[in-house]
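Letters A, B, ... mirror the listed sequences (proteins, then strands); counts begin at 1. Quick caveat: nothing in here was measured; it's all calculated off a predicted structure.
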2 protein chains.
Amino acid sequence: MLNYQTSLDLMFQALADPSRRGMVERLSRGPASVSELARPLAMSLPAVVQHLQVLEASGLVRTEKVGRVRTCRIEPGGLQLAERWINERRTTWERRLDCLGDYLAETAPTTSKDPETGETP
Amino acid sequence: MLNYQTSLDLMFQALADPSRRGMVERLSRGPASVSELARPLAMSLPAVVQHLQVLEASGLVRTEKVGRVRTCRIEPGGLQLAERWINERRTTWERRLDCLGDYLAETAPTTSKDPETGETP
DNA sequence: CTGATAGTTAAGCATTTACTTTAGTATCAT
DNA sequence: ATGATACTAAAGTAAATGCTTAACTATCAG
C-alpha cells in the first residue's frame with residue numbers, strides 16, 4: 001500500500017500526459033482493449049502499453065487479460081484522491097478570503113480609495 | 001495564450017511533485033516570500049525558484065517582486081481547469097453506469113438477486 | 001498444423017526533470 | 001560606504017520519461 005503523497009504523485013503524473021488523458025477519456029465511455037486504445041494514438045503499441053502501465057500504477061485504470069485480449073476499464077473512484085486534494089486547497093483558500101473580507105470590512109468600511117493618492121486601483 | 005491540452009499538461013505536471021504541492025498548500029493559507037516557501041523544504045533556494053517557475057507557468061501561482069522580496073500568491077481559479085476536467089470524466093463515467101444499470105434491470109430483472117430473500121443464488 | 005491477431009519483452013536513445021554549486025546583482029539597514 | 005539579506009543566472013549532472021525497433025509468445029480461426 002502506498003502513502004498519500006506517493007499516490008498523489010502517481011495520479012497527477014499519470015494525468016499530466018495528453019495521450020494518457022485521452023485513454024482515460026476513452027475508457028470513461030466504456031471498456032476497451034489495448035489495440036482499441038492504441039487506434040487513435042500516433043504511436044507504437046508498446047508505447048501505449050507503457051502508458052497503460054502508468055495509468056494502472058496510478059490506480060486510475062484496471063486491466064484484465066482474457067484469452068489474448070487485455071480489457072481495460074476505469075477504476076471507479078480512482079479520481080477521488082485528486083478531486084479531494086483539489087477541493088481541500090480550494091476551501092482553504094476560500095475560507096481565507098472570507099476572513100480577509102471580514103478584516104477589510106472591519107478595518108476600512110468606507111474607503112474604496114487609496115488615501116495617499118486618492119486614486120482607485 | 002496556450003491551448004486547453006497544453007494548459008492541462010502544465011497544471012497536472014505542476015501538481016505531480018510533492019514539493020510543489022506543498023508550496024500550493026502553503027500559499028492557499030496566504031501569500032509568502034520565496035524564502036518562506038523554501039524554509040520547510042530540504043533543498044537549495046535556486047531549486048525552490050525553479051519549482052516556483054513551474055507553478056507560475058501552470059497558472060496556479062502568481063508572483064510579484066517588490067524591493068528585494070518576491071511575494072507569491074495563489075492564482076484564484078487556477079485549479080478550475082483541472083477540476084473541470086476531472087468532473088467531466090466522472091460524470092461521463094457515472095452516466096454510463098446509469099445506462100448500464102438500466103440495461104441490466106431491463107434484460108435480467110429477476111436474476112441478480114432474489115428481491116424477497118435478498119440472497120444471491 | 002498454419003497463419004493471423006493481440007499483446008509482451010528487452011534494449012536503446014533523445015529529451016526533460018530535479019536538483020546541485022558557484023558566482024553574481026539588487027536592495028536595505030547601519 | 002559596508003555588510004547582510006533576498007533573490008537570480010548559469011552551467012553541470014544523474015535519473016526519469018516517452019518514445020522507438022526488433023524479436024518473441026500466446027491464442028484463436030480455418
Exercise. To the nearest Å, give me how far apart CD (B:E36) and P (D:dA6) are.
Key: 9 Å
Self-check item: Heavy-atom pair with the smallest gap, counting every atom of B:P31 and B:R26
Solution: O-NH2, 3.4 Å
Quiz item: Looking at side-chain heavy atoms only, is the closest gap between A:L27 and A:L60 below 4.5 Å?
Solution: no
Quiz item: When the distance from CE of A:M43 to P of C:dA14 is rounded to whole Å, what number comes out?
Solution: 19 Å
Practice problem: If you link ILVMFWY side chains whenever their heavy atoms are less than 4.5 Å apart, which other residues fall into the same cluster as A:L2? By chain and number, please. | Solution: A:L10
Quiz prompt | Qualifying residues under side chain to side chain donor-acceptor pair (under 3.5 Å), relative to A:R20, sequence neighbours excluded | solution = A:H51
Quiz prompt | side-chain hydrogen bond (donor to acceptor under 3.5 Å, both in side chains) pairs, two or more places apart, involving residues 28-46 of chain B | solution = none
Quiz prompt | Positions of residues 13-29 of chain B (non-hydrogen atom under 4.0 Å from DNA chain C), listed by number | solution = B:D17, B:R20
Quiz item: B:R89 side chain to B:R84 main-chain N or O, any donor-acceptor pair under 3.5 Å?
Solution: no
Self-check item: Backbone N/O of A:L15 and side chain of A:R21: donor-acceptor pair under 3.5 Å
Solution: yes
Exercise. Drop me the distance from B:T63's OG1 to B:Q53's CD, to the nearest 0.5 angstrom.
Key: 9.0 Å
Quiz item: More than 12 heavy atoms of other residues, nucleotides or ligands under 6.0 Å from CD of B:E88: is that the case?
Solution: yes
Quiz item: Under 4.0 Å between a side-chain N/O of B:K65 and OP1 or OP2 of C:dA26, yes or no?
Solution: no
Exercise. Rounded to the nearest angstrom, tell me the gap between atom CG in B:L45 and atom C1' in C:dT22.
Key: 14 Å
Quiz prompt | Closest listed nucleotide, where the reference is the side chain of A:V69 and the choices are C:dT8, D:dC7, C:dA6 | solution = C:dA6
Quiz item: Between B:A42 and A:S33, which has a closest nucleotide on DNA chain C that is more 5'?
Solution: A:S33
Quiz item: Under 4.5 Å between any side-chain heavy atoms of A:N87 and B:E83, yes or no?
Solution: yes
Quiz item: Is it true that atom CD of A:Q80 has more than 12 heavy atoms of other residues, nucleotides or ligands lying nearer than 6.0 Å?
Solution: no
Quiz item: When you check every protein heavy atom under 4.0 Å of nucleotides 25-30 of chain D, what one-letter string (B, S, -) results, 5' to 3'?
Solution: --BS--
Self-check item: Strand-adjacent residues in residues 46-57 of chain A, judged by heavy atoms under 4.0 Å from DNA chain D
Solution: A:P46, A:A47, A:Q50, A:H51
